[in-house]
Amino acid sequence: MDLPTRRPRRLRRTAALRRLVAETRLGVDDLVAPLFVREGIDEPVPVASLPGVVQHSRSSLVREVGELVDLGVPAVILFGVPGHKDARGSGASDPDGVVQVALRDLRDRFGDEVVLVADLCIDEYTDHGHCGLLDGFGRVDNDATLARYAEVAVAQAAAGADVCAPSGMMDGQVRVIRGALDDVGATDVSILAYAAKYASALYGPFRDAVDVEIADGGDRRAYQQDPANVRESLTELRLDLAEGADALMVKPALTSLDVLSRARSIVDVPLAAYHVSGEYAMVHAAAERGWIDGDAVALEQITAVVRAGADFVVTYFARSLAERLQ
Ligand code: PBG
């Protein structure tokens with residue numbers, strides 16, 4: 001028998017050999033925990049479609065972040081669930097809005113021990129559920145929305161955010177937000193731009209978590225990207241970089257591994273991926289039925305996202321992975 005001289009299996013024989021040659025090592029430092037904070041509740045409220053995820057009260061949020069800090073998780077990203085919604089999404093920029101209050105609580109309690117990222121969008125706060133302001137025809141008005149994002153950024157910075165993460169996919173949002181932050185002296189606040197963000201069916205459970213329903217059965221296809229496109233994502237990434245983004249994010253994660261891989265080869269700034277609510281929910285649903293080993297699949301998926309090129313991953317598995325990666 002003519003056997004090949006190259007035998008890759010030699011290096012797979014023992015666990016120690018496999019550890020030695022591993023190309024990707026997922027660590028606690030790679031994880032960002034998305035957290036929801038809801039106005040006007042005293043006890044956390046579970047999110048049915050995201051097992052293990054809750055809408056936090058002010059105090060349960062501080063407890064949760066304390067536990068994440070103890071586990072070594074370097075960053076959290078906050079989403080607000082306001083008590084009141086209106087056409088302009090006023091709560092997003094109100095100094096006493098739910099996320100601003102939470103940012104101040106967390107900054108007071110944890111100082112610089114944890115990176116506080118604030119998702120910067122208004123969809124959680126608008127009564128129509130869109131990420132922007134609507135014009136007279138019910139369409140999202142790009143440039144009017146930019147002025148609102150500037151107000152939100154300034155409020156988040158004043159409340160103690162380290163990082164603003166604009167997720168609304170308006171053209172020019174990074175430039176306007178950078179300008180607004182600089183104008184108020186918040187030159188140290190970074191921008192993590194959701195640069196390539198697809199109009200995905202995988203955000204469903206998130207919308208349960210933030211009580212968002214898009215008006216008139218609408219969708220976000222006029223501002224989020226078509227999953228058919230990849231070159232368009234590269235354009236978006238380059239634009240956000242040119243507009244002053246400090247780090248770039250791609251979303252969802254598993255359906256964008258090609259985007260991550262190509263992005264990694266063209267940009268030098270930190271690159272993030274968002275393993276989104278639907279990706280998390282699918283793993284849980286299959287695991288609940290005993291069809292897959294949920295813990296093993298979670299580790300495999302998030303490792304693959306890092307392998308594809310992400311420097312860090314926003315994931316609802318952050319806490320459970322951090323517990324296992326100690
Ligand atoms: C918009 C925003 C969304 C998510 C993060 N930021 C929802 C959307 O675009 O409809 C989705 C995250 C997830 O599904 O986990 N503020």
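Remember, it's 1-based here, ligands and their atoms both numbered in the order they're listed.
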Please examine the side chains of I214 and R207, heavy atoms only from C-beta on, and report whether any two atoms are closer than 4.5 Å.
-> yes
Does ligand 1 have a heavy atom under 4.0 Å from the side chain of D123, from its backbone, from both, or from neither?
-> side chain
Using a strict 4.0 Å cut-off to heavy atoms of Y274, name the atoms of ligand 1 that fall inside it.
-> 12 (C), 15 (O)
Could you list which atoms of ligand 1 come closer than 4.0 Å to a heavy atom of F79?
-> 5 (C), 6 (N)
Which heavy atom of the protein is the closest neighbour of atom 8 (C) of ligand 1, given with residue, atom name and distance?
-> R220 NE, 3.5 Å
Which of the atoms of ligand 1 are close to C121, meaning less than 4.0 Å from one of its heavy atoms?
-> 16 (N)
For the pair S49 and D208, evaluate side-chain hydrogen bond (donor to acceptor under 3.5 Å, both in side chains) and give the outcome as yes or no after the intermediate values.
-> CA-CA 7 Å; S49 51; D208 293 342; 2.7 Å; yes
Quick one: which ligand 1 atoms are inside 4.0 Å of a heavy atom on Q224?
-> 8 (C), 9 (O)
hydrophobic_cluster_shared for M249 and V152, side chain cutoff 4.5 Å | no
Atom 11 (C) of ligand 1 has as its nearest protein heavy atom K251 NZ, 3.0 Å
Side-chain heavy-atom pair L254, V305 within 4.5 angstrom cut-off | yes
Any L181 side-chain heavy atom under 4.5 Å of I191 side chain | yes
Taking the six-membered ring of Y274 as reference, does the NZ or CZ atom of K197 fall below 6.0 Å from its centre and within a 45° cone about the axis?
-> no
Hey, looking at atom 9 (O) of ligand 1, which of E279, K197, M249 has the closest heavy atom?
-> K197
Would you mind telling me if ligand 1 is within reach of the side chain of D119, the backbone, both or neither, using heavy atoms under 4.0 Å?
-> side chain
Ligand 1 versus Y280, non-hydrogen atoms closer than 4.0 Å: side chain, backbone, both, neither?
-> neither
Check each atom of ligand 1 against the heavy atoms of S167 and keep those under 4.0 Å away; list them by number with element.
-> 1 (C), 2 (C), 6 (N), 16 (N)
among protein heavy atoms, the one nearest atom 15 (O) of ligand 1 is Y316 OH, 2.6 Å
So for S277 against ligand 1, with non-hydrogen atoms under 4.0 Å, the contacting part is both
Return yes if a side-chain donor-acceptor contact under 3.5 Å exists between D86 and S90, otherwise no.
-> yes
Quick one: does R207 get within less than 4.0 Å of ligand 1, heavy atoms only?
-> yes
Measure the CZ-CZ distance between F206 and F36 for me, rounded to the nearest 0.5 Å.
-> 5.0 Å
So D162 and R107, salt bridge (charged side-chain N to carboxylate O under 4.0 Å, His left out) or not? Walk me through it.
-> CA-CA 10 Å; D162 292 298; R107 182 60 68 216; 2.6 Å; yes
